[in-house]
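So the structure is just underneath, and the comments pick up after that.
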Amino acid sequence: ETKTYSIKGDFVSQLFNMHEVKAGFEWRKHTLTRTAFFPSIYKVGEINGQRTFNSLSDADLLYDSTLTLVNLPLVSTTTYKKEPVQFSAYVQDKMELAKTLIFNAGVRYEYFDANSQYNYDFSQDITENPSGYLDNYLTDAEPKHMISPRLSVSYPITDKGIIRFSYGHFYQIGALSSLYLNNRRWVPNSASIPDFGNPNVEPQRSVQYEIGLQQQLTDNFKFDLTGYYKDVRDYIFFQTIYTPKARQYDLLTNLAYSNVRGITLSFLKRRAPGSLFSASLDYTFQIAEGNRTQPEEDLFFSEAAGKQTETFLVPLSFDRMHLLNGSINLTNPNNWSIGAIVTLQTGTPYTPQLPPSLSTITFEQRSETKPMQWNVDLKAEKYFQLGSVKYSIFLQVENLFDTQNERYVYASSGRALTNVEEKLSAVQFNDIRNRIERGDAGMIPETAIDNYYYARPERLNPPREVRLGFSIILN
């Protein structure tokens with residue numbers, strides 16, 4: 001449960017005919033209450049003659065005929081009531097110089113207090129206490145203070161053209177759910193790999209630049225060219241850490257770096273008086289890169305060696321190198337309209353992985369790209385008036401051509417509905433088939449296995465959807 005109380009104020013004043021000064025503040029106090037328990041059923045194992053209790057997997061339940069289970073008392077790892085506080089204040093001056101040059105300069109101050117404790121030496125604590133609650137090295141999280149300068153300039157080069165530039169610093173605190181993850185710092189057993197949040201993590205900081213040109217070509221046609229660059233430091237990330245005793249755990253920390261850069265070219269054709277036609281088109285070329293985060297076994301911090309494993313830039317998960325959007329509209333005001341929206345884009349990156357029995361090669365993270373995607377939406381609408389009441393009947397078709405864009409792909413094939421395992425491990429479902437044929441209770445239909453790789457609509461975009469409706473227009 002989350003409750004937020006806030007107080008906000010803004011001030012605007014025009015000074016000396018050339019300065020528009022804005023200032024404001026906002027105070028927010030959150031109350032987060034959470035009660036959570038994790039399952040208490042574990043599989044029993046053994047390491048060096050000592051019993052261990054490990055989490056269950058689907059493979060354990062399906063294939064391990066020697067599986068031994070134990071029911072332990074319920075344990076709460078993320079039960080808390082936290083009251084973090086945020087405060088921000090800003091001042092900005094908009095100056096109109098020489099009646100043509102517009103200059104904006106401002107600064108923003110932000111404050112965040114997680115109002116919680118954190119463990120400043122997990123490695124020592126987990127070495128001394130291989131399991132249980134790690135509460136031996138606690139201290140209060142430090143409040144965070146952030147100052148963000150920002151400025152922008154806009155200058156008309158002609159009566160129909162403007163160039164602009166902007167620069168700014170921006171901060172982002174981590175998700176509160178991540179900061180307070182496993183807030184009681186619970187470790188189930190010496191064989192587990194626990195995850196720990198970190199209320200003392202530094203805010204993520206980005207510096208953004210943008211430069212653009214806007215030019216009106218005719219009374220109803222213009223284009224806009226924009227170049228941008230975003231540099232992100234202190235990227236918030238769960239880092240794998242190995243203690244001097246080779247114990248492993250994951251900790252929320254500031255480690256990764258990323259940058260996003262690109263260029264956007266857009267055209268806009270407005271509907272001229274007496275005309276039916278209007279359209280828009282924009283194209284974006286973008287590269288989004290960040291420090292690699294996989295494979296986890298190769299990316300860690302070794303406290304014994306005092307070194308971080310070598311890292312390098314790889315595409316970010318949302319990276320799309322090419323994106324094209326367009327719209328076409330034919331409109332007869334107060335009578336009818338028809339329009340279409342077209343999207344064409346390259347796929348996002350993924351990490352290839354072949355079954356170990358086929359290849360032991362470890363591919364570079366996000367080194368391949370999903371198939372290209374495209375889509376067309378259509379809407380037609382007819383307007384009527386009955387007395388003083390205006391209404392319309394419309395037909396809306398999403399995914400007009402019923403395209404099957406592959407949203408999620410298998411790492412072994414790069415496709416959504418086929419993979420290598422279906423041929424390489426054709427007998428992988430034999431045990432389940434035997435249990436179904438034997439009549440075991442609670443089993444799925446056998447057809448679900450036959451279509452396991454092919455009947456997977458969740459891996460594709462939604463199919464064609466046709467809507468017929470009406471609307472009442474109030475004005």
Side-chain angles (χ1 to χ4, degrees), residues 34-80 82 116-141 174 177-201 236-255 293-309 311 356 362:
R34 177 182 172 91
T35 302
F37 298 89
F38 66 80
S40 59
I41 300 176
Y42 295 89
K43 65 178 179 179
V44 179
E46 183 176 317
I47 297 179
N48 298 327
Q50 293 186 343
R51 296 181 74 195
T52 61
F53 307 107
N54 301 313
S55 300
L56 289 167
S57 67
D58 293 340
D60 294 327
L61 297 173
L62 292 174
Y63 305 121
D64 191 349
S65 58
T66 63
L67 183 65
T68 302
L69 301 179
V70 62
N71 190 1
L72 298 177
L74 284 176
V75 175
S76 172
T77 63
T78 313
T79 295
Y80 56 76
K82 299 295 182 182
S116 179
Q117 291 188 313
Y118 76 103
N119 191 316
Y120 62 87
D121 198 344
F122 270 118
S123 295
Q124 184 63 29
D125 211 343
I126 202 171
T127 300
E128 297 171 355
N129 305 281
S131 63
Y133 295 101
L134 305 186
D135 293 334
N136 292 330
Y137 297 92
L138 299 184
T139 188
D140 293 334
S177 59
S178 297
L179 267 59
Y180 301 128
L181 177 68
N182 195 356
N183 180 71
R184 302 188 66 185
R185 298 162 290 277
W186 166 255
V187 181
N189 56 72
S190 59
S192 63
I193 303 175
D195 296 328
F196 301 112
N198 183 4
N200 199 51
V201 71
I236 298 174
F237 166 69
F238 274 96
Q239 169 71 47
T240 299
I241 297 175
Y242 288 93
T243 71
K245 299 293 185 180
R247 184 66 190 273
Q248 179 183 350
Y249 64 92
D250 294 331
L251 177 66
L252 186 71
T253 186
N254 301 102
L255 191 68
T293 57
Q294 294 177 351
E296 292 184 358
E297 62 269 20
D298 292 341
L299 186 68
F300 58 87
F301 178 77
S302 171
E303 294 187 330
K307 294 181 179 180
Q308 168 72 40
T309 52
T311 187
T362 299

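Both backbone and side-chain heavy atoms feed into the values below; hydrogens, waters and symmetry mates do not.
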Using modelled atom types and a 3.5 Å cut-off, is there a donor and acceptor pairing between side-chain atoms of Asn129 and backbone atoms of Ser131? no

Interatomic distance, Thr139 atom OG1 to Tyr118 atom OH [nearest 0.5 angstrom]: 6.0 Å

Which distance, rounded to the nearest 0.5 Å, do you find between the CD of Gln239 and the CG of Asn254? 11.0 Å

Interatomic distance, Asn200 atom CG to Asp140 atom CG [nearest 0.5 angstrom]: 10.0 Å

Does a side chain donor of either Asn136 or Asp125 reach within less than 3.5 Å of an acceptor in the other side chain? yes

Should the ring pair Tyr137 and Tyr120 be called parallel, tilted or perpendicular, given that the plane angle runs from 0 to 90° and is split at 30 and 60? perpendicular

Evaluate Phe196 against Val187 for side-chain contact (heavy atoms from CB on, under 4.5 Å), listing each step before the verdict. CA-CA 10 Å; Phe196 301 112; Val187 181; 3.8 Å; yes

With no hydrogens and no angle check, do the side chains of Ser116 and Lys82 hold a donor and an acceptor under 3.5 Å apart? yes

Straight-line distance of Ile236 CD1 to Leu179 CG, nearest 0.5 Å: 7.0 Å

For Gln117 and Arg185 the tightest heavy-atom approach is O-NH1, 4.1 Å

When rounded to the nearest 0.5 angstrom, what is the spacing between CG in Asn183 and CG in Asn198? 11.0 Å

How long is the span from the CZ atom in Arg247 to the CD1 atom in Ile126, to the nearest 0.5 Å? 4.0 Å

Would Ser123 and Tyr249 count as a side chain to side chain donor-acceptor pair (under 3.5 Å) here? Give the steps. CA-CA 9 Å; Ser123 295; Tyr249 64 92; 2.7 Å; yes

Smallest separation among heavy atoms of Asp135 and Arg184, with atom names: OD1-O, 4.0 Å

Minimum heavy-atom distance between Leu134 and Leu138, given as atom pair plus value: O-CD2, 4.2 Å

Hey, mind stepping through Leu181 and Asp195 against side-chain contact (heavy atoms from CB on, under 4.5 Å) and telling me if it holds? CA-CA 8 Å; Leu181 177 68; Asp195 296 328; 4.0 Å; yes

Sub-3.5 Å donor-acceptor pair from the side chain of Ser192 to the main-chain atoms of Pro194, do we have one? no

Correct closest heavy-atom pair for Thr240 and Tyr242 would be CG2-CE1, 3.9 Å

Phe122 versus Leu251: any side-chain heavy-atom pair under 4.5 Å? yes

Can you tell if the side chain of Tyr80 reaches within under 4.5 Å of the side chain of Arg34, non-hydrogen atoms only? yes

